[in-house]
There are 2 protein chains.
Amino acid sequence: MPTRTAEQRRQAERAAYDAYLAACPTRKLLDEIAGKWVSLVLVALGDGPRRYSDLSRRIAGVSQKMLTQTLRVLERDGLVRREVTPSVPVRVDYSLTPLGESLRALVAGFKDWAEANFDAVDAARADYDARTPDLTIEPGGAG
Amino acid sequence: MPTRTAEQRRQAERAAYDAYLAACPTRKLLDEIAGKWVSLVLVALGDGPRRYSDLSRRIAGVSQKMLTQTLRVLERDGLVRREVTPSVPVRVDYSLTPLGESLRALVAGFKDWAEANFDAVDAARADYDARTPDLTIEPGGAG
DNA sequence: CTGGATCCGTTGCGATACTG
DNA sequence: CAGTATCGCAACGGATCCAG
């Protein structure tokens with residue numbers, strides 16, 4: 001058997017592909033905004049600068065851990081600016097950078113698409129679910 | 001214990017927010033394309049109809065499970081059309097619906113953004129990492 | 001060729017406790 | 001007020017086996 005099996009070949013391909021993905025900007029960014037809170041933080045900052053506790057209230061369902069973690073990632077990527085005011089109670093303001101604002105606009109565009117096509121997607125789902133409840137019933141009498 | 005603690009209030013808010021998110025089209029769609037392979041399948045089908053094994057080769061690193069699962073979700077949402085040809089070896093072709101094509105275009109737009117701003121993000125990351133106090137790396141061979 | 005079922009590791013995310 | 005550190009759960013994703 002001089003040739004590798006399909007499974008073995010796939011594994012090799014996966015390894016190479018994995019390395020390829022590591023250098024893919026689109027994938028990296030997609031992985032990043034894929035998080036549950038990234039887009040929410042982005043839109044929450046759309047109004048303007050917000051304090052940490054402000055964001056916590058705006059997004060409401062977020063835990064401190066996730067809010068901080070999300071903000072850290074966004075800050076590291078230059079999407080969000082973190083401004084510390086060394087008051088007695090420490091005050092920290094977060095705001096979108098121009099880069100972050102452009103991404104927010106993109107997310108908004110996505111939101112626009114989702115809302116515009118929600119009906120169609122919903123209808124498709126209902127249709128799909130109706131056609132595959134058990135894979136047994138034949139609508140209209142097929143055959 | 002007269003008033004609820006901040007933690008308790010947050011939990012109540014989270015419950016309400018969770019219900020709110022369940023009805024949010026943007027979140028649902030975002031959760032959906034957030035998957036590792038959704039966008040890849042979308043772009044892989046951009047060329048035109050593809051067979052299952054074709055997609056498997058095009059995307060290369062994907063497992064059968066994830067490819068099938070991704071295609072199922074996309075089909076259910078009316079983004080992908082599944083066409084079965086009952087040959088002796090069963091043949092299945094997948095293609096984008098107009099709805100799926102519009103989403104593909106949106107993903108392509110995102111890809112465009114990612115590539116256009118990759119340098120800026122990368123620079124921001126390098127800057128952030130350079131300013132990080134305690135990283136494992138010690139510049140200048142200090143230590 | 002297509003893809004369903006199952007086992008298993010990894011990771012995201014939430015809850016909690018603690019610090020400055 | 002604004003975080004940091006740790007534990008635990010559940011979902012995501014991959015490998016493998018099995019079936020039509």
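On a predicted model such as this, the values are computed, not experimentally measured, just so you know. In what follows, every chain begins at residue 1, and chains take the letters A, B, ... in the order their sequences are listed.
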Leu67(A) has an atom CG; how far is it from atom C1' of dA15(C), in whole Å?
-> 15 Å
Kindly give the heavy-atom pair with the smallest separation between Leu42(B) and Arg104(B), and that separation in Å.
-> O-CD, 3.3 Å
What's the shortest heavy-atom distance between Leu40(A) and Val43(A), and which atoms?
-> O-CG2, 3.1 Å
Mind calculating the distance between CZ (Arg82(A)) and C1' (dC1(D)) to the nearest angstrom?
-> 12 Å
How many angstroms lie between atom CZ of Arg125(A) and atom OH of Tyr128(A), to the nearest 0.5 angstrom?
-> 12.0 Å
When rounded to the nearest 0.5 Å, the distance separating OG of Ser53(B) from CG of Leu67(B) is 9.5 Å
Grab the CG-C1' distance between Leu40(B) and dC12(D) for me, whole Å please.
-> 15 Å
Among all residues two or more places apart in sequence or in another chain, which pass the side chain to side chain contact (heavy atoms under 4.5 Å, CB included) test with Val90(A)?
-> Val84(A), Val92(A)
Close approaches to DNA chain D from residues 87-97 of chain A, in residue order (heavy atom, under 4.0 Å) | Val90(A), Arg91(A), Val92(A), Tyr94(A)
Could you give the distance from OG (Ser39(A)) to CG (Leu103(A)), rounded to the nearest 0.5 Å?
-> 9.5 Å
Rounded to 10°, tell me the angle between the two end axes of the helix from dC1(C)-dG20(D) to dG20(C)-dC1(D), each built from five pairs.
-> 40°
Sequence neighbours left out, what passes side chain to side chain contact (heavy atoms under 4.5 Å, CB included) with Leu99(B)? Give chain and number order.
-> Trp113(A), Asn117(A), Ala120(A), Val121(A), Leu79(B), Thr97(B), Ser102(B)
Residues passing the side-chain hydrogen bond (donor to acceptor under 3.5 Å, both in side chains) test with Asp122(A), sequence neighbours excluded, are none
With sequence neighbours excluded, what pairs up with Asp127(B) under the side-chain hydrogen bond (donor to acceptor under 3.5 Å, both in side chains) test?
-> Arg131(B)
Protein-nucleotides 9-13 of chain C N/O pairs under 3.5 Å:
from    : atom 1 : to       : atom 2 : distance (Å)
dC13(C) : OP1    : Lys36(A) : N      : 2.7
dC13(C) : N4     : Lys65(A) : NZ     : 3.1

Atom pair distance, as rounded to whole Å: CG in Leu71(A) and P in dC1(D) = 16 Å
Could you give the CD-to-P distance, from Glu75(A) to dA2(D), as a whole number of Å?
-> 15 Å
Using distance only, find each side-chain donor-acceptor pair of residues 68-75 of chain B under 3.5 Å and give its atom names and separation, not counting sequence neighbours.
from     : atom 1 : to       : atom 2 : distance (Å)
Thr68(B) : OG1    : Tyr52(B) : OH     : 3.0
Thr68(B) : OG1    : Gln64(B) : O      : 2.9
Thr70(B) : OG1    : Met66(B) : O      : 2.6

Can you list every pair that meets salt bridge (charged side-chain N to carboxylate O under 4.0 Å, His left out) and has a residue in residues 84-96 of chain B, with sequence neighbours left out?
-> Arg91(B)-Asp93(B)
Heavy atom of residues 42-52 of chain B under 4.0 Å from DNA chain C: which residues?
-> Arg51(B), Tyr52(B)
Residues that Arg50(A) engages under side chain to side chain contact (heavy atoms under 4.5 Å, CB included), provided they are two or more places apart | Leu45(A), Asp47(A), Asp54(A), Leu55(A), Arg58(A)
Taking side-chain hydrogen bond (donor to acceptor under 3.5 Å, both in side chains) as the test, write out the residues that go with Arg82(A), two or more places apart.
-> Tyr94(A)
Ser53(A) vs dA2(D): side-chain N/O to OP1/OP2 distance below 4.0 Å = yes
In whole Å, what is the span from the CD atom of Gln64(A) to the C1' atom of dA15(C)?
-> 9 Å
